[in-house]
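Just so it is clear, the model here is predicted, and its values are computed rather than measured. Keep in mind that the numbers below use all heavy atoms, side chains included, and drop hydrogens, waters and symmetry copies.
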Amino acid sequence: MPRLTVITASTRPNRVGAQVTDWFTKVARDHGGFDVHLVDLAQLDLPFLDEAHPAIDGLPYDNEQTRRWSDLASAADAFVIVTPEYNHGYPAPLKNALDHLYREWNDKPVAFVSYGMTSGGLRAVHQLKPVVTALRMVPVADSVVIHLRQALDAAGRLTPTPAMENAANSTLDELLRIAPTLTVLRSSPAR
């Protein structure tokens, strides 16, 4: 069973992202196609990029936090990034986490669960796609877009809709369709 790592990108206290991640993770586990693991960037607590050498140069990494992050990312066969949109972009801790590594991302599919008030996070995902592509990841076409004005109740709790559930399952199906091909590519001798 392929290993899916779900990354919570927001590190803010009282963030909606934890609710979104909890909901998506439950859908992913119920889907049954993946061994689902979580990485919360708030708990990972990476410093701003402080490695002496570029990640593209490969191992060894100087810092324990980077080595720990490398192990978590290396173990994944596919990723889902749960990201908010802040000021038409994605959060700095996510860019920092992506920039810490290089080979660990190569030839792995990635999907997005985005959320925000106006665009549902679509502008953040639009900016993320060239970044993950430069890391040799393969973004899938399907995604989950959550418009918070409609998805939060009066108490600020996420209220998933059937459309959200359908989008999540379609996204997981697409990741599951692509992940085996990329696993073969990663294990080819040409690497």
Side-chain angles (χ1 to χ4, degrees), residues 2-48 69 72-73 76 78-100 109-132 137 139-179:
R3 182 180 175 119
L4 175 67
T5 297
V6 179
I7 299 171
T8 306
S10 176
T11 59
R12 292 177 55 198
N14 303 319
R15 61 204 161 145
V16 173
Q19 291 182 62
V20 175
T21 298
D22 290 346
W23 164 76
F24 182 82
T25 300
K26 181 185 180 320
V27 173
R29 288 188 172 134
D30 290 348
H31 179 272
F34 293 97
D35 177 18
V36 181
H37 295 263
L38 302 176
V39 173
D40 184 340
L41 295 184
Q43 293 174 1
L44 189 62
D45 198 27
L46 281 172
F48 276 112
W69 181 218
L72 291 169
F79 294 94
V80 169
I81 297 174
V82 178
T83 186
E85 180 179 306
Y86 297 151
N87 304 313
H88 292 218
Y90 57 93
L94 177 56
K95 181 68 162 98
N96 186 54
L98 291 168
D99 287 347
H100 263 80
V110 59
F112 301 96
V113 175
S114 65
Y115 59 94
M117 290 302 200
T118 304
S119 77
L122 286 171
R123 294 175 294 213
V125 171
H126 180 72
Q127 290 181 8
L128 273 166
K129 284 186 176 181
V131 173
V132 298
M137 297 176 88
V140 301
D142 294 65
S143 64
V144 182
V145 179
I146 301 172
H147 296 274
L148 292 180
R149 292 187 204 288
Q150 292 85 28
L152 297 179
D153 66 16
R157 290 183 302 262
L158 184 69
T159 54
T161 65
M164 288 168 55
E165 299 274 341
N166 290 340
N169 279 300
S170 293
T171 300
L172 290 161
D173 289 346
E174 186 65 4
L175 281 170
L176 191 57
R177 186 179 77 80
I178 292 173

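By the 4.5 Å heavy-atom criterion applied to side chains, Val125 and Val145 are not counted as neighbours. Side-chain atoms of Val132 and Phe112, non-hydrogen and from C-beta on, do get closer than 4.5 Å to each other. Residues Ile146 and Val16 form no side-chain contact, since every pair of their non-hydrogen atoms from C-beta on lies 4.5 Å or further apart. The shortest distance between side-chain heavy atoms of Trp23 and Val144 falls below 4.5 Å. In this structure, the side chains of Phe24 and Leu38 stay at 4.5 Å or more apart for every pair of heavy atoms. Side-chain contact between Tyr86 and Arg12 is present, with heavy atoms from C-beta onward closer than 4.5 Å. Proximity of Pro93 to Leu46: side-chain heavy atoms (C-beta onward) are nowhere separated by under 4.5 Å.
Of all non-hydrogen atoms in Thr159 and Gln150, the two that sit nearest each other are OG1-O, 4.3 Å. The shortest heavy-atom contact between Leu94 and Leu41 is CA-CD1, 3.7 Å. Contact between Ser119 and Arg123 at its shortest, heavy atoms only, is OG-NE, 3.6 Å. Minimum interatomic distance between Val140 and Ala111 (heavy atoms only, all atoms of both residues): CG2-CB, 3.6 Å. Here the closest non-hydrogen pair linking Glu85 and Leu122 is OE1-N, 3.6 Å. Scanning both residues, Pro84 and Ser10, for their nearest heavy atoms gives CG-CB, 4.0 Å.
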Notebook entry, point to check: Lys26 and Asp30: salt bridge (Lys or Arg N to Asp or Glu O under 4.0 Å), yes or no, with the steps?
Noted result: CA-CA 6 Å; Lys26 181 185 180 320; Asp30 290 348; 2.6 Å; yes

Check: Does the side-chain contact (heavy atoms from CB on, under 4.5 Å) test come out yes or no for Leu72 and Thr5, once each step is laid out?
Finding: CA-CA 8 Å; Leu72 291 169; Thr5 297; over 6 Å; no

Note to self: Working note: Ser114 + Tyr90, criterion side chain to side chain donor-acceptor pair (under 3.5 Å); need CA distance, chi angles, decisive distance, verdict.
What the structure shows: CA-CA 10 Å; Ser114 65; Tyr90 57 93; over 6 Å; no

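The side-chain contact (heavy atoms from CB on, under 4.5 Å) with His31 is formed by just one residue from the set Leu4, Thr171, Leu172, Val36; it is Leu172. No option in Thr8, Val82, Thr21 other than Val82 meets the side-chain contact (heavy atoms from CB on, under 4.5 Å) test with Val113.
The environment of CZ in Arg29 is crowded: more than 12 heavy-atom neighbours from other residues, nucleotides or ligands sit within 6.0 Å. Residue Asn87 qualifies as open at atom CG: its count of foreign heavy atoms under 6.0 Å is 12 or below. Around the NE2 atom of His37, the shell of radius 6.0 Å holds more than 12 heavy atoms that belong to other residues, nucleotides or ligands.
Between the side chain of Trp69 and the backbone N or O of Ala97, at least one donor-acceptor pair lies under 3.5 Å. Not a single donor-acceptor pair under 3.5 Å links the side chain of Glu174 to the backbone N or O of Ser143.
Atoms CD and OG1, on Gln43 and Thr11 in that order, are 11.5 Å from each other to the nearest 0.5 Å. Atom CG of Leu44 is separated from atom NE2 of His100 by 8.5 Å, given to the nearest 0.5 angstrom.
Every residue meeting the ring pair (Phe, Tyr, Trp, His ring centres under 6.0 Å) condition with Phe79, not counting sequence neighbours, appears here in chain and number order: Trp105. Under the rule for a side-chain hydrogen bond (donor to acceptor under 3.5 Å, both in side chains), the partners of Asp99 that lie at least two apart in sequence or sit in another chain are Lys95. When the salt bridge (Lys or Arg N to Asp or Glu O under 4.0 Å) test is applied to Asp142, no partner is found at least two apart in sequence or on another chain.
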